[in-house]
Every structure is written in C-alpha cells, then in structure tokens.
Amino acid sequence: MSATTEKPFKVCIPDEDIELLHRKLELARFPDELEGAGWLYGAPLADVKRLVARWKDGFDWRQSEAQINMLPQFTRDIEVEGFGTLNIHYMHQRSDVENAVPLLFIHGWPGHFLEVRKLLPLLTRGSPDHPNFHVVTFSLPGFGFSEAPHKKGFAGKQYAEVANTLMNSLGYKEYVVQGGDWGHYIAGYLATHYAHVNVKGWLTNYPVALPPKFLSGPWLYLVNLFTPYSKQEKEGLAKTEEFLRKGRGYAAEQSTKPQTLGYSLSDSPVGLLAWVYEKLVSWADEYPWEDDEVLEWVTIYWFSRGGPGASLRIYYEMTDCFERSAVAGVKWTSIRMGCAYFAKEHGRAPKSWLRTLGRLVFECTHERGGHFAAHEQPEALAGDVREMFGLGGPAYGVVAGQSGYAGRDN
C-alpha cells in the first residue's frame, strides 16, 4: 500500500498533560502488602512508592524529552489495506557508510521505540572492521507516538504491511529484520508475506515456535520425534513451561479483555507503573534499572498517542482472544534466519521447532541477558547482528549492493 512524504517529529507533551500526571500521582492510593512478600505477589510496595515519589517530585520529563528529540524521528501516513490510513512514528538513523545494510528493528510489549537507542551507535557508526547498518525502527500502531488502529482485526499481516511499506517508502526495497517479543512474531509475518522480494533475512532474540506438524513438515516432525533434545533445549523448555504456569497471567487478561484493563492503566499512572515495572525487573537478567530509566520508559506509555490501553490490543488480535499462538500464522520461508539465545529469556523452543519458521543458519548463546536484550546487552546483540550479516557470516550479502562495508560490493 502507499505512504505519504515523511515529516520531522519532535516529542512535545503539553504542560497541562504533565500537570495532570503530577496531580494524579499526588492523589495516589496504595494497596497494603503482606509481611515478607518481596516479589512473590508482584511489584513490591516500597519500590512502587519510591518510584511514585520520584516521578512526582524529581523526575524531569523535559530533560528526557530533549534527549529523545536528539534522535532522528519522523512521521508519515501509511495506508493499510482494509484499515485506512495510520500516522506512523519512526526513527531512521543512516550510517555514514553509503552501502550499509538496511535493518529494521521491531520492539514489543512492554517495550517501545527507544529500545533501539543503545544499538544505534554500535550499528551505524562507520567502521572497516565490521558491517554497518542503516537502522529503522517504528512505534507499532497503538504504541508510543504512532496512531492506533481504529478497527478490529489488526493483526500480524497488518503490522507486517506497515513495516514493509515504511521500509519501501524510505527507499529500502530489500532489507533485514531484527526483533524480540512482538518483534519476533512480526518479523515472522514479514518473512511470510515479503520474503525474497523485500525481506532478505531476520534475527530473533525471542526464539519461540510451535512443534513441527506432520502434514506441514514431515521431515522436521520425524526429526523432532526421534532426536533427543539437548541439555540446553530441555532447560529452555522447562523455563518456558514455568513461565507459562506462573508468569503469563498478564497475557491472559490482555488477550481476552484488553478494554477492561485499559481503563485502569489509562487512568492510574501508579497502576501503569506497577504493571510495567514488574515486567522490566522480572523479565530482565538482574539488570540494574535506575529509577529515572524506569520512569522514562513508563512515561512514554503514559503519554502515548493512543493511551496506555491501546498497546494491549495486539495481544487480543494476534492470538484470536487467546485461542491460538501468535506464531501460528508464520509460514516457513527459505530466507536466512538467526536466533540469539539470552540466558534469562523466558521463551526458548528447541531447534527443530525453530526450523519450522525459516532456514536457520545462525545461532549464538549468551550467558547473560534477558527479555530486553537490546537494552540490557546491546553490545552482545549488536555483535550477533554483525556476525550474521557480516563478511564470512551465513547471511553476508543478502541485500543486493549493500554489503555493509565501505568500498566493497557483496
């Protein structure tokens, strides 16, 4: 579908919106807490009270806003088949190496476009020692400063259409993709619908897939049936099963009744803070979150264009109200796929499952890092991107004429 000309964008939240946030924080009413509860029941009361006090009296959103506005941000209208036109917010950081590899970074929930911030200098600054990239990321529709969908049914195919149209409108007819969380699923849908013509390869740091089925992949089905899982694969499955038992209550609510939950998150900044903060801490690998770091993250959700509730609906639409896996509609393609395994990621499927998604040519295991790899371990993730798409890597030269190295054709 079509897209209009881009417009430069700066974040500029009205003073009255900031004042309203502070008034709501002043009126906050906190729950009680059991003795010795710690993290067993959710975000600890002392942590949330400390963060609320800082949010109300110390955190400087205008300073964060100024730092965010140093990044190259834009908006443009993108037409989505059956859903009209959506105004999409994105960042586009070109490398000074002209034939750098175009790379689309896709965030998830409770992430946002700033997850790519630490990766930008690592991937775009010209160096003869490794491949360089032109990096694009966008706020998913309903997240950050992108317009939210207005109709039911906006799911994998539509998110992929927005992403592909955006990349094409920037002049990148061929490109590679990196993503985790929802970025993993959307990358899979991009491969499903745009492989070879546009999408040339993808690297996920959220290695989630379904077991092979006999009718769609008899060879993989038999391999999975008769080949014992490795020690790492068994540990990954056990970790995934534990998360499904104890950690995905949030997903059940967001996938079935997002509107109901949206009232609370859209009206109560304290409720939003606790809801997101719990995931930031428990899904990360002992990452040393600073209070202002957390507050900037949550404030982007509070001031998001569609409101905090809009970001929840992706769960409902991508899973058909929790009736199927979000990865169920991803089809195998022969473009090259890579997996980065981070130690505390709560989702990890066996290799035979992952091969149902694509031509798995690259794997790398990291002893540290959790769900927010781009933020927690940017050097490690950037290293995986370079290794997979760099000289000698299994996906080197997949984008025609864009080797990533100055003066070198692929």
Side-chain angles (χ1 to χ4, degrees), residues 64 67-73 90-108 111-139 167 170 172 175-181 183-184 187 200-206 284-285 287-290 293 296-297 336 338-345 362-399 402-408 410:
S64 284
Q67 293 173 346
I68 294 170
N69 284 337
M70 294 176 66
L71 299 169
Q73 301 174 84
Y90 60 96
M91 292 197 306
H92 181 197
Q93 180 70 68
R94 285 185 60 85
S95 171
D96 56 8
V97 175
E98 187 60 31
N99 63 337
V101 181
L103 181 144
L104 174 64
F105 174 92
I106 311 177
H107 70 80
H112 48 64
F113 69 100
L114 282 185
E115 280 188 79
V116 79
R117 179 159 55 181
K118 294 180 181 180
L119 288 176
L120 290 178
L122 300 174
L123 294 178
T124 63
R125 288 179 183 169
S127 170
D129 300 325
H130 54 71
N132 302 277
F133 298 84
H134 300 311
V135 179
V136 178
T137 191
F138 67 111
S139 296
M167 293 301 282
L170 294 173
Y172 302 131
Y175 57 93
V176 300
V177 185
Q178 199 287 310
D181 195 86
H184 163 76
K200 295 295 184 174
W202 59 298
L203 172 67
T204 178
N205 58 280
Y206 189 53
D285 185 10
Y287 178 79
W289 292 99
E290 296 181 0
E293 194 175 11
E296 179 184 74
W297 196 291
R336 295 167 213 189
C339 289
Y341 307 111
F342 286 87
K344 203 178 175 184
E345 179 56 80
F362 176 83
E363 295 176 281
C364 192
T365 300
H366 301 280
E367 295 181 357
R368 296 300 306 272
H371 191 67
F372 308 99
H375 193 78
E376 298 176 62
Q377 298 289 334
E379 292 84 1
L381 185 57
D384 291 342
V385 173
R386 292 168 177 169
E387 186 176 351
M388 179 173 174
F389 296 105
L391 192 62
Y396 172 69
V398 291
V399 177
Q402 305 289 135
S403 70
Y405 298 86
R408 177 188 287 270
N410 50 358

Item to check | F133 vs S95, side chain to side chain contact (heavy atoms under 4.5 Å, CB included): CA-CA, chis, key distance, verdict | outcome: CA-CA 6 Å; F133 298 84; S95 171; over 6 Å; no

Item to check | Criterion side chain to side chain contact (heavy atoms under 4.5 Å, CB included) on W202 and H184, from CA distance to verdict | outcome: CA-CA 9 Å; W202 59 298; H184 163 76; 4.0 Å; yes

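K200 places no side-chain N or O within donor-acceptor distance of the main-chain N or O of V176, the cut-off being under 3.5 Å. Side chain of H92 to main chain of V136: no donor-acceptor pair is present (N/O by atom type, distance under 3.5 Å, no hydrogens or angles). For R336 (side chain) and P394 (main-chain N/O), a donor-acceptor pair under 3.5 Å exists by modelled atom type.
Distance check, rounded to the nearest 0.5 Å: CE of M91 to CZ of F105 gives 9.0 Å. Between the OG1 atom of T137 and the CG atom of L114 there is a distance of 9.0 Å, given to the nearest 0.5 Å. Between the CD atom of E115 and the CG atom of D181 there is a distance of 8.0 Å, given to the nearest 0.5 Å. Taking OG1 from T365 and CG from D384, the interatomic distance works out to 9.0 Å, rounded to the nearest 0.5 Å. With rounding to the nearest 0.5 angstrom, the CZ atom of F389 is 7.0 Å from the CG atom of L103. In this structure, CZ in F372 is found 12.5 Å from NE2 in H107, a value given to the nearest 0.5 Å.
Annotation: side chain of H371 is in contact with side chain of Y206 (closest heavy-atom distance under 4.5 Å). For the pair Y90 and L104, the minimum side-chain heavy-atom distance is 4.5 Å or more.
Minimum heavy-atom separation, S64 to E296: OG-OE2, 3.1 Å. Across A343 and D285, no two heavy atoms sit closer than the pair CB-OD2, 4.4 Å. Closest approach of L203 and A340 over heavy atoms only: CD1-N, 4.1 Å.
Partners of N205 under the side-chain hydrogen bond (donor to acceptor under 3.5 Å, both in side chains) rule, at least two apart in sequence or in another chain, are Q178. Residues passing the ring pair (Phe, Tyr, Trp, His ring centres under 6.0 Å) test with Y287, sequence neighbours excluded: W289, H375.
Ring orientation note: the planes of F342 and H366 are close to parallel, at an angle under 30° on the 30°/60° scale.
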Throw together a table of side-chain donor-acceptor distances under 3.5 angstrom for residues 119-131, partners on residues two or more places apart or in other chains.
| residue | atom | partner | partner atom | Å |
| --- | --- | --- | --- | --- |
| T124 | OG1 | L120 | O | 2.6 |
| S127 | OG | D129 | N | 3.1 |
| H130 | NE2 | R386 | NH2 | 3.4 |

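Side-chain polar atoms of Y341 and E363 form a donor-acceptor pair below 3.5 angstrom.
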